[in-house]
Amino acid sequence: MGSLDGRIAIVTGTSRGVGDGIAEELLREGATVVGCSRSPLDELPAAARVPGGRERSAQLVCDQGDYRAIDEFVGKVIDTYGRIDILVNNAGGTVPSPSVDAVPELVQRIQGSPRGTGDYERSVLFHAFAIQMNLVSPLWFAIRVCPEMRRGSGGSIVNISSGAGHPAGSPTLVSYGAAKSGLNHMTRSLAQEWGPDIRVNCLALGPTMTANFHDFVLPADDKDGARYFDKVPLKRAGRTEEVGRACVFLCSGQADYVNGTTIEIDGGMLPGVLYDAGLKTITDLL
Ligand SMILES: NC(=O)c1ccc[n+]([C@@H]2O[C@H](COP(=O)([O-])OP(=O)(O)OC[C@H]3O[C@@H](n4cnc5c(N)ncnc54)[C@H](OP(=O)(O)O)[C@@H]3O)[C@@H](O)[C@H]2O)c1
């Protein structure tokens, strides 16, 4: 018996990284998980690691930058499974940029934001993309899923945010931090609008170890992160399964009176302690 037996869950951004860990933990607790990413995959990557996971999962293509693609994706989930109980808005992210008005081509290439021809155009598109992916698209997903949850027996939405959204501010992550701060705020607003049918909560992550984090964020001369994580009280990155277990907690009936809140999963670090460390890899590449 799992705590999510029989639930139907959508998790965005499940081809790798944090979303892969979330999908795995939801599957382990018995949920059926439909994941998505822009790249086509034969199956949900987490399914292979969970007994019976392949029978309870699917991986579809959906670019969350396109609201029509979200509409089509959610429609397919309803056609196949009949309802949606859980939405985890995980897809998102950015890369640090040395200053808000100077987005080097390198940063744009790594993040995959729309191509611009001049410095100004590159910068504005980079920031618009960060806000689209980390704030607008999660809202689009939530709005599309809300009536489906209400048609069933209600539901639980979890938004994946970041410590960059802390009110202390986030130099080097200006648009991303603003978007994640907006996501925290949106979480509370939606919780107020959509209760009692739907609970909406948020997880604000600190550094969380993924393949991309290891390859593109940890400096080449500090790949075990000993220096990078020195200012984090727990002296390490979070693990994707730890984020997944927090999602299970919020969706499983263990947290039925938790609503509209943002829980920090960051090893207890203080705002700003990783700004210089986080930027080093990018500036080294320039
Ligand atoms: N890792 C960290 O240290 C950390 C810290 C704080 C917050 N977070 C948050 O955690 C979440 C996941 O981050 P991550 O580190 O796991 O990132 P990641 O390794 O880059 O993975 C992102 C996932 O989202 C998918 N994705 C990207 N753009 C998409 C789009 N337009 N439509 C649909 N899917 C899309 C990617 O697949 P495709 O590329 O194939 O589309 C991939 O599966 C993000 O919201 C991020 O802000 C992460």
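We're numbering straight along the sequence, starting at 1. Whatever order the structure lists ligands and atoms in, that order sets their numbers, starting from 1.
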Please indicate whether any nitrogen or oxygen in [X] is less than 3.5 Å from any nitrogen or oxygen in ligand 1.
X: Ser162; value: no
X: Ser161; value: no
X: Val18; value: yes

Where on [X] is there a heavy atom closer than 4.0 Å to ligand 1, on the side chain, on the backbone, on both, or on neither?
X: Met209; value: neither
X: Thr12; value: neither
X: Asp63; value: both

Who's the nearest protein heavy-atom neighbour of [atom], and how far?
atom: atom 6 (C) of ligand 1; answer: Leu205 O, 3.4 Å
atom: atom 40 (O) of ligand 1; answer: Ser39 OG, 2.3 Å
atom: atom 27 (C) of ligand 1; answer: Arg38 NH2, 3.5 Å
atom: atom 42 (C) of ligand 1; answer: Ser15 OG, 3.4 Å
atom: atom 18 (P) of ligand 1; answer: Arg16 NE, 3.6 Å
atom: atom 32 (N) of ligand 1; answer: Gln64 N, 2.9 Å
atom: atom 35 (C) of ligand 1; answer: Ala91 CB, 3.8 Å
atom: atom 45 (O) of ligand 1; answer: Asn90 O, 2.7 Å

In terms of side-chain heavy atoms, does [X] have a donor or acceptor partner in [Y] at a distance below 3.5 Å?
X: Ser57; Y: Glu43; result: no
X: Asn159; Y: Thr187; result: yes
X: Asn90; Y: Thr12; result: no
X: Gln59; Y: Thr14; result: yes
X: Thr210; Y: Asn212; result: no

Nearest non-hydrogen contact to atom 15 (O) of ligand 1 from the set Asn89, Thr210, Val217, Thr240 belongs to Thr210
Considering Gly35, Gly92, Gly93 one by one, which has a heavy atom nearer to atom 17 (O) of ligand 1 than any of the others? Gly92
Does the Lys235 side chain pair with the main chain of Ala226, one donor and one acceptor, at a distance under 3.5 Å? no
Taking atom [atom1] as the centre, does [X] end up with more than 12 heavy-atom neighbours from other residues, nucleotides or ligands that are less than 6.0 angstrom away?
X: Tyr81; atom1: OH; value: yes
X: Arg115; atom1: CZ; value: no
X: Asp256; atom1: CG; value: yes

Short list, please: which atoms of ligand 1 are under 4.0 Å from a heavy atom of [X]?
X: Ile160; answer: 9 (C), 10 (O), 11 (C), 45 (O)
X: Phe213; answer: 3 (O)
X: Thr208; answer: 1 (N), 2 (C), 3 (O)
X: Tyr176; answer: 6 (C), 7 (C), 8 (N), 46 (C), 47 (O)
X: Met133; answer: 31 (N)
X: Pro207; answer: 3 (O)
X: Gly17; answer: 16 (O), 19 (O)
X: Cys62; answer: 32 (N), 33 (C)

Closer than 4.0 angstrom: is that true for some heavy atom of Gly206 and an atom of ligand 1? yes
Could you grab the distance from atom [atom1] of [X] to atom [atom2] of [Y], nearest 0.5 Å is fine?
X: Arg7; Y: Ser153; atom1: CZ; atom2: OG; answer: 8.0 Å
X: Asn201; Y: Ser156; atom1: CG; atom2: OG; answer: 6.5 Å
X: Ser161; Y: Lys180; atom1: OG; atom2: NZ; answer: 5.5 Å

Heavy atoms, side chains only, cut-off 4.5 Å: are Pro40 and Val61 in contact? yes
Under a side-chain separation threshold of 4.5 Å, the hydrophobic residues clustered together with Met133 are Phe129
Pairs meeting criterion ring pair (Phe, Tyr, Trp, His ring centres under 6.0 Å) with involvement of residues 217-257, two or more places apart: Phe213-Tyr228
